[in-house]
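See below for the structure under consideration.
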Amino acid sequence: MKASLLLLLLATSPTEGLPPLSDTSVPAPRLVLDKPVLKAGCPDTLTVDFISGERGYMDNVTIFLPKGMRVRKRDVLVDVIGRGSVPLSDLDRQSIGRTGMGYPFRSVGKGTLRRHGARRTISLQGIDLRPLNGIDIRLRLCNLKMRKRGSYVLRARYTPGMAWLPEGVRGKAYREHWGIASDVGETALTVCGKEETVPGPPPLQPWRTFPAESFGIVGDGLSDNAPAINEAIRTLASEGGGTIVFGEGDYLTGTVHLRSHVWLRIDGGATLRAISSLDPMEDTWYADNSFLAGSSKTDTTPYDIPDNYLTKQDLGHSFFHNAMFCAVRAEDIRIFGNGRITGDGNIVKNNEVAPSLEAIVRGDKMFSFKLCKDIEIGGLSNGKDLWYDPLRDEPYYLDGDGGAILDTSNMLDVDQGGHFVVLATGVDGIRVHDIRCGRLSRENSRDILDFMECNDVEVRNIYCPATGDDIVKFGSDCALGFTRAGRRAKVRGIIGDSNCNAIQMGSESADDMTDVYIDNVWVTGTNKAAFSISVNDGGSVQRVYMNYGRTGPVHHRTVMERTRSPFFFSISNRGRVLGGKVSRFSFTKEDGIPRDELLVTNVSVGHITDIHIKDVDVRSVYAGSRFRSGQWEPYRDQPTSSAIVTGLRLPTPAEITSGGEYALPDGEHTRYITDISFEGVTISSEGGMSAESTPAPPELAIGEWNLRNLEVQPAHGLWVRHVAGFSMKDCSFSSKRPDSRPPFFCEDTLGKIALMEKLP
């Protein structure tokens, strides 16, 4: 028995004085049920999705339940734009994530259940629906018992609240008349008798395989297969899932929209190539690069409108649909095999993906996952660990007995991924493994794997000969319209070269990142740090262990070579959170030179704590990435830095000379990095400097968060500043050229420093 689905399409008109959007920009608001039929007298759970598209904040949505649909308040769960499910009565107590002090919107919204005789309404008031996160509101009606057979109609009313259209902001207009209530949709539920048979959903069987050609997908190197691939995915998703197998051939495609329980297998000899007409970015207003928060010491523009979540990270992080493969609010997706996926020059790698409203919109990422669960991308796993042969400049697998397996044809080849090969934001459970990044082409390559506010991440056996930005990156930003923490990550067998950092935690750090375990890494070159922890936006990084065997056996010491700095652990205060504010102040910096710059006024400084590094050999310390030159070059005069562990000292209120009162919310103006240990670390630096020419670097300002901003350090091995609780055991530092700087320099440290080292 099937239920009819009745949708009243909302007729909208443009906001007065603003141009209308195209007819295809925002879907018509609608209600969707997860099941069309219930049995009378049988308790069940019904999921009701309200999808409005891009809107504003302080919006109101009312769901009118039909007569006979009885539900108690404690049995109603609500999820607003993917923040997580909570009881309706607790909605006003749900965390809104990290914000600046004084942010005017202090709750996700308010939820009420009202009775009107025999009918009930669920009312959600004052909610923020701005980010297009797939499903705007998900209601779960638990313990629902329908007593009588029949057809029941659920209706929704939507009332936009406050428009976010500040004067001077470049962007697109919204569709609604703000504040005008609209009945946006209705859907019918059928209730049948107990004795009737109700067909359930098809059994999940994503492992069923279907050759791509059976869906009209052709590997002729000429046809755009995106329509056929997307239709195949829709068909399989409606039938319980399945695996589309791409056999030998050259498959061109635009944007592929991934769905739950549908897998893609790319066999050896198969190549999937992006074409230039990837999907545009989601419909929204946006700002150009000058709007990036915290990129200037004196420009307040990105902070002038604190609610603008798009200014808290660059455009690549802020949009998700302009990708070769995209999934939003989906689960159980696999893309695997030993073929090749390439952007083929049609995925760009910079923030100019949409520099103006008139620009040609282009894709800037290969894989984009937003608020998804249970994702896997990788080759054909053989259960072995990947390691590196520097003489061959090739990876190999360990056979378990100390021998080498040179055959790596089981790995998935990806290249020309643009800004990101993988951008995962708000994903729970993602596994990326056995991938060769850029082996066949090093063009159009920036970040490889970015995990933003993700939980339960596993990265294993990644080989990257050279790329433009981080190989593996963990962060937390505001791209979802709210912040959330990222927890539990295992990283193992990373081999590669980066024009930036090999492994990075931060710099977007609006929320916390905890419990990250890293083993068996070989960094062949970087122009920044081999391993960077950069906390800039008020969040914290804690419980990080390198080479402690928490991902599995440690089979080799980690190797770092040709890296400008082996370790760069730093704190600044850019305040890129919702509601972050800055003011311009004058004060005198630590060396007596006056400063005139921005200071964040309502976001406390973040934390780095409980970081433990063990068994690392740093063989050469200079900016030696081969990303730009194509080949590694020996040290001449390239930039070089010591290992750096530095907290942050901001001026105290007494040190401010102009700009008004200055005090951070928690009153702490010096943030110490705490509980740091190095064990069995050897660093061989280039040397050739003198202590007289290397005073302590200045503190980092808002527009300074990079390694280069700390100039030259007063130690050739390890420089430590603003640290409480530091220990070092069985470590050694040496320089290849005479250097009058000490191997280890420590300033402003609290507590006893345990040094059990092997200094030359």
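Using cut-offs of 30° and 60° on the angle between ring planes, the pair Phe369 and Phe367 is parallel. By the 30° and 60° cut-offs, the orientation of the rings of Phe336 relative to Trp263 is perpendicular.
Proximity of the aromatic rings of His257 and Phe325 is defined here by a centroid distance below 6.0 angstrom, and this criterion is not met.
The pair Lys110-Asp92 fails the salt-bridge criterion, with no side-chain N (NZ, NE, NH1 or NH2) lying under 4.0 Å from an Asp/Glu carboxylate O. With salt bridges taken as basic N to acidic carboxylate O contacts below 4.0 Å, none links Lys373 and Glu331. A salt bridge links Asp537 with Arg576: at least one charged nitrogen is closer than 4.0 Å to a carboxylate oxygen. A salt bridge links Asp511 and Arg98; the closest N-O separation between the charged side-chain nitrogens and carboxylate oxygens is under 4.0 Å.
Counting only N and O atoms by type, the side chains of Tyr158 and Asn60 include no donor and acceptor under 3.5 Å apart. Counted by atom type alone, Thr99 and Arg106 present one or more donor-acceptor pairs between their side chains at under 3.5 Å. Side-chain contact, Gln313 with Ser318: a donor N or O sits under 3.5 Å from an acceptor N or O. With 3.5 Å as the limit, one finds no donor-acceptor pair spanning the side chains of Asp279 and His321.
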Start with the C-alpha gap between Arg334 and Asp332, add the side-chain angles, then the distance that decides, and say whether salt bridge (charged side-chain N to carboxylate O under 4.0 Å, His left out) holds.
-> CA-CA 7 Å; Arg334 308 281 187 274; Asp332 184 23; 3.4 Å; yes
